[in-house]
Amino acid sequence: MAAKEFRERLHKALNNASLRGALERFADSYIISREEVYRGKDFAALREKIAAIKGDAAGRYEELAAQFTRAVEARGGKVFRAHDAAAAREYIYQVAKEHGVTDVVKSKSFASEEIHLNEYLQERGITPHETDLAEWILQLMPGERPSHMVMPAIHLPKEEVARVFSRYLGEPVEPDIKNMVRIARRELRKKFLTAGMGISGANIAVAETGTIVICTNEGNARLATTVPPVHVAIVGYEKLVPKLKDIVPILEALPRSGTAQPITSYVTMITGPVPARKGDGEGIKELHVVLLDNGRTRMAADPVFKEALQCIRCASCTNVCPVFQLVSGQVYGYIYSGGIGSILTAFFNSLEDAANPQSLCIGCRRCAEVCPAKINIPDLVLKLRERVVEKQGLSRAYRIALHGVVAKPRLMHTMLRAASRLQGPVTHGRPFIRHLPLYFSSFTEGRSLPAIARVPLRDRVKNLEGALRKSRLRAAFYSGCVIDFVYPEIGEAVYKVLAREGVEVTFPQGQACCGAPAIYAGDRETAVSLAKLNIAALEEAKADVIVTACPTCAVALKKNFIELLAGDPAWEGRAKDLAARVKDFTQLVHELKKSEGSAPEGKERDRGIVKVTYHDSCHFKRHLGLDRAAREVLTSQPGIELVEMRESDRCCGFGGSYSVKYPEISRPILERKLKNIMASGAEIVATDCPGCILQLRGGLDQTGSDIQVKHTAEILANKD
C-alpha cells in the first residue's frame, strides 16, 4: 500500500466519530469484563502452556501436517497442502467445479480473506455468501472493510445497518437490533439450504486425531459445515497442535481473551466426514481440508519471528491498543490488523506491504501484557522495522536526524546549546514553545513543547558533585538527553536525593543518546554505535551502580545494548556487565529505604497535604515492573496523599518521535489522559519518565491548567 493511500485511510478513520466511539466503548467495557472473566484463573500459567504448545508445534509443522493428513484420510477426508494462496484458491475452485457448485456458504474463515477467495470464485461464476452476521453486513456494502479481527462490523451503528438492509430488501427496515437479526436469520437460512458447498476456517487442528475445532457464537458455522454436501476447511499451518489435550488451554483462553466470555456459545469438533443428505437419500459428506502455508513455514524457520505463530487470533492485543481504538483495522490495509497483523502481513503478503502498518505501533506494550500466547509483539514490531529499514532505507528526514546528528554526540550537543540561545522568538521568555509556524504547526497542536535549558545538566554537575562523609555506594548518573538538555532540574533532584541516601554520584561526560530514537526508527547501525560509546563512557566512571531517571534509557542500557551487541566478542560481555549494574533511580531509592529497615514516615499534621496522582509510563511499568515501587516511595513521604487516576497505566501518547510522526494519533491519546488527570482532583502528577513529563506538561499547559507534573525525584528532593 502506497504511503499516500495509507495516510488517506488514516485521515478517514480518525475523522470517523462513529468508528472511534464504538471501538472506545467496546475497549472500555472489554478491559473490565476481561479482568472479571479471568478472576480465579492463573493467567501467567495458562499463557505459558499455550506458548509451549504452539511454540513446539511451530518447530515441527512438516511432521504435524503429515500426521494430520494421515488421520484425516484414514477417516475418509481429503487434505490438500497449499504452498501459497493461488494453489489454495485453485484447489477449492476445482472441488466446486467438480460438483457443479454455483453457491457457497462461508463461515469463520479469515484465511479465506487472506487468499482473496471470494473475488476468485465470483470471477468464475460461483457466488460466495458470507454467513457470519458481521461479514454478511460488510458483504452487502461494496468496498467496506472489516475493522476488527473478531468483530468485523463493530464500527457500524445500528442505523447504518438498517440502511444497508433496506437497500438489500428494497423495503424500509427499522434500526431495531432484534428485528435485524431475525431478518438476517431468515435471509441466510435460504443460502444454507441451497448451497452446494460450505467453507469454514478452524481455530485449532489436532494432528493426533485429524480433528478441526471451530469456536463461534452464532451457530452458522455448524450449518455451513453440516448442511451442504461438501465441506472445505481452510486451515493455516499455525492452527496445528500435536494432541487432542492441547486444545484445552487454548479453549480456556480464546473466548476469555477475545470477547471476555468463559466459553463461546458453540465449540464444534469435526473429525472426518459425517453422514449427509444427498438427493433423496443419504450419503457421506465430502470433507476437504486445505492446509495453508502461504509464508507460514518461512516464518517458522525464522528464529526471530517464529514466536508470532503462537497467535490464537483472539485479538486481545487490538482490544487494548490505544492506537487501534482510534484508527481501527481498516487502516492497516490488509487482512490482519494491529501490531500482530503487521507482523503476519510481512510474511503472508510482503515486507513492503507491512512497512506502513507496522509504523502505527507506539510501543506501549499493553498487547504483550494481555497476549494469552505470550507473544512479545512490541519487540517483534521493532525487529520488523529493522528489516524494513534494511530493505528500503531510512527516510531522508530520519537519515539526517539519526545518522547526521544523533550518531554524532558532539555535534548534537553543540546544536542543542545553539538552539537554547536562539529559541527566544518562539519561547518569548517562557519555559514552553506554544506555537510553531508553517509546516511545524501540527507539533504544537494540543501540546506545548518545552524550551531547551539555558544550561544543560552536564554543565551544572561540577556544582553538585563532591565526596560524601559516609558513602554507601558510588553511582554513575546516566541522564539521557531529555534530562540533560531539557529538564536538568530533574538531574539536580536526583543528585540531592541520592546524596541524602549516602550515594556518591558522578556524571560521565562522554555519555551520549541511549539510542532509543534509532532503535524505534529501525536504525540498527546508529543504535550499535551509540551503545558502544555509552558503554565505554560509563565504564570509565568505575561506579558500583549506573543510575538513570529515564525508564526508556534504563531499558536501552539493561536490555537493548545486550541485544545490539550479541555475538560481538569485544562488546557482548561488556554490555552484560554494564546491564547488571543498571538501576532506575526510583528503584534504587526504594531498595535503599527498604535496606534501612525503617517504617515509612508518618504524615506531618502541621503541614498541608498535597494530592498526588501517578502516571505509569509504559516502559517503567511494563518493561521494568516498578509501578508498585514508585507508589511505595511516594506514599512514604510526609504530606503526600496518593489519589489514583482512572487508567493510570494508559499511554500518554508520547512515544518519542511517534508524537512528531503521528501527531494526529498522539493528540487524542493525550487528551484522554489529561481528562483522567483532571478528574482525579490531584494537584500534582508524578511520573518517572522525562518523555511523559514533556507530553503531560505540554498538554496541561495548552489547557491552561495549574496542575503540576513532576518526576518522582523532584517530589522526593523537595520533601524537606
Side-chain angles (χ1 to χ4, degrees), residues 77-146 152-153 164-165 167-170 183-202 212 214 218 220-236 273 276-280 283-294 334-335 348-349:
K78 298 178 182 179
V79 177
F80 176 73
R81 294 168 68 174
H83 173 70
D84 56 19
R89 290 193 302 261
E90 182 59 21
Y91 178 83
I92 295 167
Y93 168 65
Q94 289 300 332
V95 172
K97 183 180 176 183
E98 178 186 338
H99 291 81
V101 171
T102 57
D103 289 271
V104 170
V105 285
K106 295 174 68 239
S107 173
K108 195 71 180 176
S109 182
F110 247 73
S112 72
E113 299 295 324
E114 177 189 329
I115 65 175
H116 304 290
L117 181 62
N118 283 7
E119 299 91 327
Y120 191 82
L121 293 179
Q122 284 174 324
E123 289 169 0
R124 287 153 182 78
I126 298 172
T127 304
H129 303 281
E130 297 292 350
T131 67
D132 295 336
L133 179 56
E135 294 281 7
W136 183 58
I137 294 168
L138 294 176
Q139 191 178 30
L140 298 178
M141 303 173 68
E144 189 69 17
R145 300 174 58 81
V164 171
F165 280 14
R167 286 195 299 269
Y168 172 72
L169 295 173
I183 291 171
R185 185 182 296 119
R186 181 192 72 204
E187 295 300 311
L188 291 173
R189 187 59 55 97
K190 306 170 190 174
K191 312 298 183 187
F192 292 119
L193 296 174
T194 57
M197 176 189 289
I199 296 176
S200 77
I212 59 173
I214 305 173
E218 296 175 28
N220 55 308
R222 286 191 174 175
L223 288 168
T225 58
T226 57
V227 177
V230 180
H231 172 207
V232 176
I234 310 170
V235 183
R277 178 181 60 80
K278 284 194 173 183
D280 295 329
I284 297 295
K285 174 187 291 294
E286 279 196 23
L287 172 65
H288 297 258
V289 180
V290 177
L291 268 182
L292 180 65
D293 186 343
N294 202 38
Y334 299 94
I335 306 305
F348 299 172
N349 289 59

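Remember, it's a predicted structure, so these values are computed and weren't measured experimentally.
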(request) Sequence neighbours left out, what passes side-chain hydrogen bond (donor to acceptor under 3.5 Å, both in side chains) with R89? Give chain and number order. (result) none
(message) If I compare all heavy atoms of E218 with all of T131, which pair ends up nearest, and what's the gap?
(response) OE1-O, 3.9 Å
(message) Would you say that V290 contacts I92 through its side chain, given a criterion of any heavy-atom pair below 4.5 Å between the two side chains?
(response) yes
Without placing hydrogens or testing angles, list every side-chain donor-acceptor pair under 3.5 Å for residues 78-85, not counting sequence neighbours.
{"from": "R81", "atom 1": "NE", "to": "Y237", "atom 2": "OH", "distance (Å)": "3.3"}
{"from": "R81", "atom 1": "NH2", "to": "E62", "atom 2": "OE1", "distance (Å)": "3.0"}
{"from": "R81", "atom 1": "NH2", "to": "E62", "atom 2": "OE2", "distance (Å)": "2.8"}
{"from": "D84", "atom 1": "OD1", "to": "A86", "atom 2": "N", "distance (Å)": "3.4"}
{"from": "D84", "atom 1": "OD1", "to": "A87", "atom 2": "N", "distance (Å)": "2.9"}

(message) Nearest 0.5 angstrom please: N294 CG to N349 CG, how far?
(response) 7.5 Å
(request) Check the pair L169 / E187 against side chain to side chain contact (heavy atoms under 4.5 Å, CB included), numbers first and verdict last. (result) CA-CA 10 Å; L169 295 173; E187 295 300 311; 3.8 Å; yes
(message) With no hydrogens and no angle check, just 3.5 Å: does a side-chain donor-acceptor pair link E135 and Q139?
(response) no
(request) Mind checking side-chain hydrogen bond (donor to acceptor under 3.5 Å, both in side chains) for E130 and listing every partner two or more places apart, or none if nothing turns up? (result) K106, N118
(request) Quick one: pull up CZ in R167 and CG in L140 and give me the separation to the nearest 0.5 Å. (result) 9.0 Å
(request) Looking only at non-hydrogen atoms, find the nearest pair between G201 and S109 and report the distance. (result) N-CB, 3.5 Å
(request) Could you note down all residue pairs passing ring-ring contact (aromatic ring centres under 6.0 Å, His included) where residues 93-125 supplies at least one of them, sequence neighbours left out? (result) F110-Y336
(message) Rounded to the nearest 0.5 Å, what separates atom NE2 in H288 from atom OH in Y91?
(response) 5.0 Å
(request) Not counting sequence neighbours, which residues clear ring pair (Phe, Tyr, Trp, His ring centres under 6.0 Å) with H129? List them please. (result) none
(message) Return the CG to CG distance between N220 and L133, rounded to the nearest 0.5 Å.
(response) 8.5 Å
(message) Could you measure the distance from the CZ atom of R222 to the NZ atom of K108? Nearest 0.5 Å is fine.
(response) 13.0 Å
(message) As a quick check of understanding, evaluate side chain to side chain donor-acceptor pair (under 3.5 Å) for Q94 and E90, giving each step before the final call.
(response) CA-CA 6 Å; Q94 289 300 332; E90 182 59 21; 2.6 Å; yes
(request) Considering non-hydrogen atoms only, spot the tightest contact between A221 and I214 and give its length. (result) CB-CG2, 4.1 Å
(message) How long is the straight-line distance from CD1 of I234 back to CG of L117, given to the nearest 0.5 Å?
(response) 5.0 Å
Atom pairs and distances, side-chain donor-acceptor, residues 189-200, under 3.5 Å, sequence neighbours left out:
{"from": "T194", "atom 1": "OG1", "to": "K190", "atom 2": "O", "distance (Å)": "3.0"}
{"from": "S200", "atom 1": "OG", "to": "H231", "atom 2": "NE2", "distance (Å)": "2.9"}

(request) Could you pull out the closest heavy-atom pair between P146 and L138, with the gap in Å? (result) CA-CD1, 3.7 Å
